[in-house]
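First comes the structure, then the notes that go with it.
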Amino acid sequence: MPGKKKLLRSQQWFGRDGKMGFIYRSWVKNRGIPHDQFDGRPVIGICNTYSELTPCNSHFRTLAEQVKTGVWEAGGFPLEFPVMSLGETLLRPTAMLFRNLASMDVEESIRGNPIDGVVLLMGCDKTTPSLLMGAASCDLPTIGVSGGPMLSGWYKGQRIGSGTNTWSLSEDLRAGKITKDEYHEAESCMHRSHGHCMTMGTASTMACMVEALGVGLPGNAAYPAVDARRNLLARGAGRRIVEMVKEDVKLSAILTRKAFENAIRVNAAIGGSTNAVIHLIAIARRIGVELDLDDWDQLGRDVHTLVNLMPNGKFLMEDFCYAGGLPAVLRELGENGLLNKRALTANGRTIWQNNKAAENNNAEVIMPFAAPFKRDTGIAVLRGNLCPDGAIIKPSAATPALMQHKGPAVVFEDIDEFHRRIDDPKLKVDENSVLVLKNCGPKGYPGMAEVGNMALPPALLKRGITDMLRISDARMSGTAYGTVVLHVAPEAAAGGPLALVQEGDLVELDVAARKLHLHVSDKELARRRAAWKPPAPAMTRGYTRLYVDHVNQANDGCDLDFLVGKSGAAVARDNH
Ligand code: FES
């Protein structure tokens, strides 16, 4: 009927007569909600990953209150709900094992409840992809609000960055360059405010991805967690999501192929985390966008790293914010033909409308495209007989001299063997060796831990060697650096050729040729394969069993095979 207002989804609960209307409304009224809140106004879910076990998200109660205020101001009805929160630093064996579990929690919590639109509060590494994956499978109007980075760490007059300086200080301690007391003092100086890691690690990278994809509002990536503008952003998201529901702008209108192309180029321009490769493929495949490793290799090829941030450079997210943040990077990309300018964003404007006038206030932190921080540094995707389904390397964090390298393998069958042997003075290793680590992939670890940036042998550290070629089926922290080949697929535990590498085999890396080759004959590899036995299953019950039985390999985003795709938001049946 012309002019008839479309009933919102939440009215399938709150707009009902009889017993079901009573049930759906009455219990919500128990904290003093007046009857007029159920009159058909947009109901906004606030998906909160607050947890004291996730220190990076410890300020999310404040952020949620800001979102609520914005929703009220715009005439909506906010309802906050908790979901599984994944803290990178405390959760064992690795938060990545539970990314898909958390995404299931998010998906079912959104779909099963009377929600018309959702604001996702996310910060620590895996909380961002898990929330985006779950929301993508429901496809309601959605805005992402990142928690923001911590203030810069400072120690003895120097910036120290999350993770990046954890690795370097730990190596200094192992090499005897600093004392244990100094090490403990640095520990207190590194993380000194609310917020997530303030290097361009995975959390900052994913916050940039949220902004580049258009799911977040401009400024989402870089305002520090304790900056008043972070609260304003949350409040603005609360206001805007109410409008998005009225305009019926679903997440799929924003998460298009063009948006993912923008995000991949932004990842190269910021020198972003290798973890984004896995997460973006998983998110894309939930919403129904085709995305694979070749897209990462091709789209990132002509992009330079503009941002001089740790782990690749010297500054931190606070500096990035003051320099202009992601808007300044997006403007550089747009002016150099590397942005799909018409991609829609959550505020209803295109990405170019949002960013075309952005200013760069510090060209030492955000360098211009014409004179970039590092040239041609997008994620490189390697192929060869050691990784038939691909492997990746982050050139901006690697040593140029090692980008073409051939050397004998020093092999560790698993992470326990690595820990047992790496400090052994009798370990036969020199700077030309290639450290090869097996059984740390999705099924093998399980959960594909961030152990790919293996610590170097102390004898080499003492000689001043700071990098070696390292290869594994593991991931690496976004805060880490080095010439590290990651995500080898198929992984060793799934019978990939990595499982067949033996001590002393010659391994060749040629990043320019995108090649990773094991110099062992096909005949010999076939002989070794016939003798290979898969490792015993890590777990026989529970979620880990489900995960190991169903997890996809790294090149397919490590989602569970039955979670790929979306089911929308319809639920036909009542609960009573
Ligand atoms: Fe949470 Fe780094 S540990 S973002």
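Note that ligands are numbered from 1 as they come in the structure, with each ligand's atoms numbered from 1 the same way.
Which parts of ligand 1 touch Glu88 is read off a 4.0 Å heavy-atom cut-off, strictly below it: atoms 3 (S). Proximity to Ala203 (heavy-atom distance under 4.0 Å) selects the following atoms of ligand 1: 4 (S). In summary, the atoms of ligand 1 found under 4.0 Å from a heavy atom of His196, numbered by their order in the structure, are 4 (S). Ligand 1 places these atoms under 4.0 Å from at least one heavy atom of Cys56: 1 (Fe), 3 (S), 4 (S). Counting atoms of ligand 1 from 1 in the listed order, those under 4.0 Å from a heavy atom of Thr89 are 3 (S).
In terms of heavy atoms, Ser168 sits closest to Tyr481 at CB-OH, 3.6 Å.
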Verdict with supporting geometry, Met84 and Leu101, side chain to side chain contact (heavy atoms under 4.5 Å, CB included): CA-CA 8 Å; Met84 185 181 192; Leu101 177 62; 3.8 Å; yes

Dump the intermediate steps for side chain to side chain contact (heavy atoms under 4.5 Å, CB included) on Thr305 and Ile270, then the final yes or no. CA-CA 6 Å; Thr305 298; Ile270 61 174; over 6 Å; no

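Side-chain contact between Ile115 and Leu79 is absent, with no heavy-atom pair separated by less than 4.5 Å.
Within the 4.0 Å heavy-atom criterion, both parts of Cys124, backbone and side chain, lie near ligand 1.
Side-chain N or O atoms of Glu211 include one that pairs as donor or acceptor with a backbone N or O of Ala221 at under 3.5 Å.
Metal site remark for atom 2 (Fe) of ligand 1: Cys197 contributes an N, O or S atom at a distance under 2.8 Å.
No more than 12 heavy atoms of other residues, nucleotides or ligands shown are found within 6.0 angstrom of CZ on Arg61.
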